[in-house]
**Student:** 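Pasting a structure here, questions to come.
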Protein chains: 2
Amino acid sequence: MPDSASRKQVTIYDIADRAGTSASTVGAVLNGSWRTRRISENRANTIRKIANEMGYAPNMQARALRSVRSRMIGMIIPMYDNRYFGAIAERFELEARARGLLPMTSCTRREPELELATVRQMLSYNVDRIVCAGASDPDGIARICQAQDVPTINLDLPGTAAPSIISNNYTGAYKLTAALIARADADNRDWHEDFLFVGGRPTDHYTSERIRGFRDAIADAGAVPVEDNILACGYAAAKSKAAFSAKIESTGRMPTAVFVNSTISLEGVFEWLAQYDRAALDTILFGSFDWDPFAQYMAQNLFSVRQDVSAMLDAMFQVIDSDPPHDPKLIQIEPIVISDGAEWHAETASVMKSEAHA
Amino acid sequence: MPDSASRKQVTIYDIADRAGTSASTVGAVLNGSWRTRRISENRANTIRKIANEMGYAPNMQARALRSVRSRMIGMIIPMYDNRYFGAIAERFELEARARGLLPMTSCTRREPELELATVRQMLSYNVDRIVCAGASDPDGIARICQAQDVPTINLDLPGTAAPSIISNNYTGAYKLTAALIARADADNRDWHEDFLFVGGRPTDHYTSERIRGFRDAIADAGAVPVEDNILACGYAAAKSKAAFSAKIESTGRMPTAVFVNSTISLEGVFEWLAQYDRAALDTILFGSFDWDPFAQYMAQNLFSVRQDVSAMLDAMFQVIDSDPPHDPKLIQIEPIVISDGAEWHAETASVMKSEAHA
DNA sequence: CTTTGTTGCGCAATCGATGGTGCAAGGCTA
DNA sequence: TAGCCTTGCACCATCGATTGCGCAACAAAG
């Protein structure tokens, strides 16, 4: 029916013509406000029928222009290259769509400039809300968005200017460390001098919390954390590989246990071992903060922290759905420690001294 | 400056007020059409200065409403849970942004219904173009989009109604199979009866092409492909695990080599081996169609096909940028075989009989 | 001093949906 | 039968950017 050049989309005006009514009536019927506008049941039915026949779909640009709300929700996320962020993106899209929102996710590679540019671009399109997952500067983004009355919410990394939903990195690291210690003790292996922490930046929230959990778990096991064993060398595989390599060279022996701070850093450690000491893959106790299916099968003794993406996103959408809006507050979700594909339960959890924020 | 409720965004009217000119002049200056509208250099400069001061950003909804083009480009993709699609999404966003387009990627979980619904939703927002990556029914989608004059382009899976950029699955599978055979021969191991193909659906394009490459490589090596060894059991890890398990039980021995059709299927195979025969991880020759960093370190002898995402997306954007638009045509990009982290070169490549499409 | 051109810019319609307001027709009461 | 209320709908301004058209001012030409 629509001739190629002239008419691209069916509009309420087209429907109004066919139905012999006005566009405002059609609009009211099709957007659901017809009851309050006192359109008769009959007319509503005819209009809906015609709209169906003609294949009407609202022009969201026009709707957004007029009503200010666009029904789009944006999300920035560092990258898609690990299971954690992949799962976040997937779940986010699912939940957004379930609410009739158009999800717009964009990966910003942990580059602060790109994060800001992307947020500004999203604001240009009048997104109703922005989720900042693992953003470098969530408060800066929140400020820009607040200027345009667009609420934000932080995921994975906390901010002070908007509600934040994050994993409890402290307890996750504590439990992971405790699990490695329990296994080492069970195997009668001495870990006191040979327990490494590899990867991450000491300045970021994740890493500082995880190091705190690592230290506390060691201390609670009656040992003294060896500061030289904490190699917060950055995340990149190449960096963790280099740091691990240097450490091995300087001590001249393999560690008993290694806490690796991110799967990307774990890649580096595994690459080194696959290259220079394959056998060690079966003897070293690995702890990985973040889970990956292959990593899980790779080493004999790998414990992983799997962040509870479901729970995090449920909590986030609960905040989003809430009315009136939440104050900025921090919600921490407990991650899960996994060993051999199953959840690991800390018998030692009770000895944890301080779960509170530092 | 803007009081919270009244003014959310700076508009061309605000700027016009301040500059003492008309909105159309401001609009022309800020969208670049001012030269053809004969606005003086001076005025253009003042307007730009004021726009900067006031932090102007165009309302894309309004622009799209008027000019029909939205400067958004959509992409549907099956999932984010492997490196291949993750890399595609990341690269797509990068290139789109470089062209001033807002990328909108959405994962549709290989569900045809969800794919169509998502496409329709994107059309509602007037996206300028849609990329169908790994879509179940690219031609169906193309038809819907053509009705609204929105061009589509297929990635990863071909269609007939729009240009398609895909990996050469046939040569990839051929080379991967040849690499495994070469290794087995070098090790003096008999593979003739013990070469499995695991994973995928025999009806989909990927799988049928890869099976064809698998068969041809075996035939070209002078053997007869064993049909019972082709376990196209679906992709899911649980399915490949079950199929692999059943095969082992029925033959009572480990295969010499396994061609695994997707990393997700590889997960299932590795899971079974990690559970029941860890030692076999170091003896079986694995071929994985798709690359994963951990899988790469996992087994002693793993060859992977890494699809050339860079080349694919370059080719795709070349088609997108081209004017006049391309006819539907198929562009095949050669994937890369990787062994021990480095590209593997087929000495045997020359014996490949038919690289042509079946 | 009139005609013809050029430069520089403003006016107003337009895209499609929304929602305030107005108004006719019919029913009901006084 | 006038007055009033309810029902049912249409009219029109509006959101912000784009664009065809027109017109004033000034210069150059005749």
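Order of the sequence lines fixes the chain letters, A, B, ..., with proteins taken first and strands second; residue numbering starts at 1 for each chain. As the structure is a prediction and not an experimental result, all values here were calculated from the model.
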**Student:** Measure the distance from CG on B/Leu123 to C1' on C/dG16 and round it to the nearest whole Å.
**Tutor:** 16 Å
**Student:** Using atom CD1 of A/Ile12 as one end and atom P of C/dA17 as the other, report the distance to the nearest whole Å.
**Tutor:** 5 Å
**Student:** In whole angstrom, what separates B/Asn59's CG from D/dT14's P?
**Tutor:** 17 Å
**Student:** Between A/Met54 (CE) and C/dG16 (P), how many Å, whole number?
**Tutor:** 13 Å
**Student:** Determine: side-chain N/O of B/Tyr13 to OP1/OP2 of D/dT14, distance under 4.0 Å, yes or no.
**Tutor:** no
**Student:** Quickly work out the A/Ile47 CD1 to D/dC9 C1' distance and round it to whole Å.
**Tutor:** 10 Å
**Student:** With a cut-off of 6.0 Å (strictly less than), are more than 12 heavy atoms of other residues, nucleotides or ligands near CD of A/Gln318?
**Tutor:** no
**Student:** Are the side chain of A/Thr108 and the backbone N or O of A/Leu114 linked by a donor-acceptor pair below 3.5 Å?
**Tutor:** no
**Student:** Figure out the CD/P separation between B/Gln61 and C/dC15, and round it to whole Å.
**Tutor:** 18 Å
**Student:** Between B/Ser106 and A/Arg97, does any side-chain donor sit less than 3.5 Å from a side-chain acceptor?
**Tutor:** yes
**Student:** I need the residues from residues 39-46 of chain A with at least one non-hydrogen atom less than 4.0 Å from DNA chain D; give them sorted by number, or say none.
**Tutor:** A/Ile39, A/Ser40, A/Arg43
**Student:** What integer distance in Å separates A/Leu65:CG from D/dT14:P?
**Tutor:** 14 Å
**Student:** What are the two closest heavy atoms between A/Leu65 and B/Ala62, and how far apart are they?
**Tutor:** CD1-CB, 3.7 Å
**Student:** From CG of A/Asn126 over to P of D/dG16, roughly how many Å is that when rounded to an integer?
**Tutor:** 9 Å
**Student:** Does A/Arg99 use its side chain to pair, donor to acceptor, with the backbone of A/Glu95 at less than 3.5 Å?
**Tutor:** yes
**Student:** Just wondering, more than 12 heavy atoms not from B/Arg71 lying within 6.0 Å of its CZ?
**Tutor:** no
**Student:** With salt bridge (Lys or Arg N to Asp or Glu O under 4.0 Å) as the rule and sequence neighbours excluded, what pairs involving residues 72-88 of chain B come up?
**Tutor:** A/Glu267-B/Arg83
**Student:** Heavy atoms under 4.0 Å is the rule here; annotate nucleotides 19-28 of chain D 5' to 3' with B where the base is hit, S where only the sugar-phosphate is, and - elsewhere.
**Tutor:** BBB-------
**Student:** Can you tell which of B/Glu115, B/Arg109, B/Met104 makes a side-chain contact (heavy atoms from CB on, under 4.5 Å) with B/Ile76?
**Tutor:** B/Glu115
**Student:** D/dA10 phosphate, OP1 or OP2: any side-chain N/O from A/Ser22 under 4.0 angstrom?
**Tutor:** yes
**Student:** Does B/Asp139 reach the main-chain N or O of B/Ala161 with its side chain, forming a donor-acceptor pair under 3.5 Å?
**Tutor:** yes
